[in-house]
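One structure, pasted below without further comment.
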Amino acid sequence: MSVATSQYRVPRPVARKVNRLRLMVRLYVLLESLAAMILVAGGAFWLGFAIDWTFEPSPAVRIGMWVIVVGVGLWVVRKYLFERLSRSLPAESLALLIERKHPHLADSLVTTVQAKNQRHVDALEKQFLEETGNRASETVKQASLGSIFRLRPLVSKGVASILLVASIAAFALLAGESFDFWIERMQLSSTPWPRKVMLSSPEFADEKTRNVARSDSFEFQVHASIKAPHEAPSYVEIRYRRPDGRIQRDRMVQVGRALPGRDKFQTFRYEFPEVADDMEFDVIGGDARLEDLKLRAVARPAVDKLSLECTYPEYLGRSSQSIRVSSRQEIPVGTKLLCKVSATKPLLSVRAFDVNEQQEIPATISSENAQEFAFDLAKLSEDQQIKLTLTDTDGVENREPYRLDLAAIADELPEVSVQLQGVSTAVTPQARIPLAGVISDDYGLSRVWAEVALEEQTPQRRQIADLREGARKLTSLEPLDLAASDPETSERLLIAKPGEKLTVTVYAKDAYNLDDQPRVAVCPRFRLDVVSASELRGLLERRELGLRQRFESIYEKMMGTRDLLKRVEEDLAAEESTSSEEDVENGTSTERTRERSRLRIIGARQNTTQLAYETLGVAEGFQGIVIELINNRIDTEDLKERLENGISQPLEEIASRQMPELEVALESLRKAYKEESSRVKPQLATAQARANEVVEAMKAVLDRMLELESYNELVDLLRAIVKEQDDLRKETQEQRKNKLRRLLED
């Protein structure tokens, strides 16, 4: 039976080997962690330097970068150092690690290390462990601990760390100013990096966003300073981002070549064609850049509504009113104008320019609504053109100045279109002269009168219209009465004698009062011969004779028209008397006869239409004679009866009723012939009856004319006898005067 012994002790060589491996593992972890921390710090140094030099972020962004770097560093320390160093390294694990790299130990090292944990062993076990321990002590001396570690990762990290430290040291030695400046920047200094190239843009001097009118081209310039220590870049590039996310690059155009000492900067320009949407872009040249520049496409301002507050001059008699205007408006001269405009966008400024006077007109933007403004044009005296340039709150102007054309409408003289009515060029001393026509003015008449004058006498003014206030048009004028008397003295205002010349002139004046120029319009003068009643009757009788001769010609033409219908009747009778066989043989002849009849009917209808107008003209001529007799106050009931009831009215009846009925009958006859119906003969009979009625009526009127002619001849005979008596009396008086003169001489 074996005896128990005390705890087994691991041989010193074995324990020393395991402890050495533990120390080496700790040292490896420490070195690798240190290298990782150096890599993080060095990488953060150069990465931060690159970001800060390129973008020059604000202090707030740099604080964020510091937070990220510190966070990554703490994570590396925890991950690579504290977590790994805090882990326990049992002797059994280390022995097993040595056994794996050195198989010739044959588990003796692991067995020896594990025996340490046994508290009581018997003699046999102790003898076995001592032999195993001795063998492990001998063999472990040849075991190399360095082969257990992978040195390449540690060496790589170490070399990278050394290189990073060396690069930072070299940077500090070779570019001490930049190194010191970067240290200041890391300390959140706001001083920007000094650069070889310095770029600026006048279009983006104040802010990085510029408003551009939509669909307009935009050209901007970049200035590269050439004053020491700056230099111009070899080229400047623009990088812009499309709305779809695509990035495009293009080079700016160099403008000339700037020379140091002469110029301050080198200019580059670029044009964006038709900017339709918002656009962001950067400008890069050398070691400088302008970042996050933005074009914002906005609509142009435009005139939406424009109205004129018109205060009209007194002579127009109008109340003030507001007129909606498009681009051109006609305005009466002397009108005071206040122009009110409404724009499509809120406005920053407005420029109203008077093209005629070449000066600006003060315009005021409404304090309540920035889309509205107004300006005063005072009194309009001539055509005026105003150009409006609008600048909205986006800083964009309208494409072309809005043109407001004001046409100054001068007050024209009144229009006087007056004729004498119911009299000819000869009147009796007691005649009544009617005036017919139109007197008008655009803005109102103030006075209308006529001047009547005999040769070498002062003209007399006669009022011919009773004007209402503001009357613009007169169509009813009072006649001029040569026999009128003064209501106070009852004496005749005008004493005219046969043989004198009478002048009648009509005047009109408007209410225009803006200047002292006379505003009187006049119609052409009417010159009349003053004749006796008998002389005027003789003139009218000669006119009657001319009318009778005209009517005799009309009567003869009407007889010819009736004869055309008679020939149509003869052709129709001849056609009916032709046998059927003869009709077949002479078909062409019959057709020609029908065509001739149709042409005669058409000719008769045309003649009737023409003769109706001519007859109506003769009727009006006789009616005019009646009116002239009345206006000259030489009419008699018997004469009026003969001319009006005996001639004028019957002629008007013929022209306005009987002849149109004949035209209707002839048209029906023409249609009957065209249709070859059985209605031809009845229609022909009707047309002939209407034609006979017209001829008979004309014959009756013509007889009355001849009776009147006989009456006129009798009157002429009496007039000749009276004239001979007057001549004999004058001759007798002259002989008596001569006889008395001779007696006085003797």
Side-chain angles (χ1 to χ4, degrees), residues 202-203 205-206 209-221 269 271-276 295-313 316 318 320-412 442 514:
E203 288 82 5
D206 299 329
T209 300
R210 176 69 183 270
N211 296 322
V212 181
R214 183 172 286 110
S215 300
D216 265 16
S217 299
F218 175 73
E219 179 180 294
F220 78 104
Q221 296 182 350
R269 65 177 178 84
E271 181 178 352
F272 289 98
E274 297 183 0
V275 180
L295 294 179
R296 190 164 69 95
V298 297
R300 286 186 180 274
V303 173
D304 184 27
K305 298 177 183 178
L306 190 149
S307 61
L308 293 174
E309 299 290 339
C310 302
T311 304
Y312 296 105
L316 296 181
R318 293 186 187 177
S320 301
Q321 64 175 345
S322 178
I323 301 176
R324 182 77 175 270
V325 180
S326 55
S327 60
R328 187 179 187 277
Q329 183 66 38
E330 295 181 349
I331 303 294
V333 169
T335 303
K336 294 181 180 180
L337 299 175
L338 176 63
C339 185
K340 293 185 177 180
V341 186
S342 176
T344 56
K345 297 178 64 180
L347 300 177
L348 182 64
S349 64
V350 176
R351 181 173 182 262
F353 186 75
D354 188 339
V355 178
N356 297 356
E357 299 294 333
Q358 291 295 305
Q359 65 181 8
E360 292 193 17
I361 302 173
T364 304
I365 299 176
S366 173
S367 58
E368 298 179 355
N369 187 353
Q371 292 185 219
E372 297 179 352
F373 65 94
F375 56 92
D376 194 351
L377 294 177
K379 286 186 178 180
L380 189 67
S381 59
E382 60 182 359
D383 292 353
Q384 197 168 7
Q385 184 182 101
I386 310 297
K387 289 187 176 180
L388 301 178
T389 302
L390 313 180
T391 303
D392 60 21
T393 51
D394 292 325
V396 177
E397 292 184 354
N398 47 338
R399 188 182 301 276
E400 295 291 339
Y402 182 87
R403 289 179 51 179
L404 172 61
D405 293 325
L406 300 176
I409 305 301
D411 182 34
E412 300 292 340
D442 292 338
L514 297 183

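Numbers for residues simply follow the sequence, beginning at 1.
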E219: side chain to side chain donor-acceptor pair (under 3.5 Å) partners, not counting sequence neighbours: none
Inter-residue atom distance D411.CG - L514.CG, 0.5 Å rounding: 8.0 Å
Return a table of donor-acceptor pairs under 3.5 angstrom between the side chains of residues 370-380 and protein atoms on other chains or two or more places apart.
unit_1: Q371; atom_1: NE2; unit_2: A343; atom_2: O; d: 2.9
unit_1: D376; atom_1: OD1; unit_2: A378; atom_2: N; d: 2.9

From SG (C339) to CG (L406), nearest 0.5 Å: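 It is 7.5 Å, given to the nearest 0.5 Å.
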Salt bridge (charged side-chain N to carboxylate O under 4.0 Å, His left out) involving R318 - partner list, sequence neighbours excluded: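 Per chain and number, R318 pairs via salt bridge (charged side-chain N to carboxylate O under 4.0 Å, His left out) with no residue.
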Smallest separation among heavy atoms of S381 and A408, with atom names: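 Heavy atoms of S381 and A408 come nearest at C-CB, 4.2 Å.
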Non-neighbouring partners of E412 that pass side chain to side chain donor-acceptor pair (under 3.5 Å), sequence neighbours left out: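 For E412 there are no side chain to side chain donor-acceptor pair (under 3.5 Å) partners, ignoring immediate neighbours.
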Donor-acceptor pair, side chain of E203 and main chain of Q221, under 3.5 angstrom: yes
Side chain to side chain donor-acceptor pair (under 3.5 Å) partners of T209, counting only residues at least two apart: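 Not a single residue meets the side chain to side chain donor-acceptor pair (under 3.5 Å) criterion with T209.
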Interatomic distance, R214 atom CZ to E274 atom CD [nearest 0.5 angstrom]: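 Interatomic distance, R214 CZ to E274 CD, rounded to 0.5 Å: 13.0 Å.
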With a 3.5 Å cut-off and sequence neighbours excluded, list the donor-acceptor pairs that the side chains of residues 346-354 form with protein atoms.
unit_1: R351; atom_1: NE; unit_2: E360; atom_2: OE2; d: 2.7
unit_1: D354; atom_1: OD1; unit_2: N356; atom_2: N; d: 3.0
unit_1: D354; atom_1: OD1; unit_2: E357; atom_2: N; d: 3.4
unit_1: D354; atom_1: OD2; unit_2: Q384; atom_2: NE2; d: 2.9

Sequence neighbours excluded - side-chain hydrogen bond (donor to acceptor under 3.5 Å, both in side chains) pairs with any residue from residues 328-342: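 side-chain hydrogen bond (donor to acceptor under 3.5 Å, both in side chains) check on residues 328-342 returns no pairs.
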For P332 against L316, the heavy-atom pair lying closest together: CB-CD1, 3.7 Å
Derivation of the side-chain contact (heavy atoms from CB on, under 4.5 Å) call for C310 and L337: CA-CA 5 Å; C310 302; L337 299 175; 3.6 Å; yes
Gap separating the CZ atom of R269 from the CZ atom of F220, nearest 0.5 angstrom: 11.5 Å
Going by atom type alone, with no hydrogens or angles, which donor-acceptor pairs under 3.5 Å involve a side-chain atom of residues 386-398 and a protein atom two or more places apart or on another chain?
unit_1: D392; atom_1: OD1; unit_2: D394; atom_2: N; d: 3.0
unit_1: D392; atom_1: OD1; unit_2: G395; atom_2: N; d: 3.1
unit_1: D392; atom_1: OD1; unit_2: V396; atom_2: N; d: 2.9
unit_1: D392; atom_1: OD2; unit_2: K345; atom_2: NZ; d: 2.7
unit_1: D394; atom_1: OD1; unit_2: R296; atom_2: NH2; d: 3.0
unit_1: D394; atom_1: OD2; unit_2: K345; atom_2: NZ; d: 3.0
unit_1: N398; atom_1: OD1; unit_2: L390; atom_2: N; d: 3.0
unit_1: N398; atom_1: ND2; unit_2: L388; atom_2: O; d: 3.1
unit_1: N398; atom_1: ND2; unit_2: E400; atom_2: O; d: 3.2

With S215 via side chain to side chain contact (heavy atoms under 4.5 Å, CB included) - residues at least two apart: none
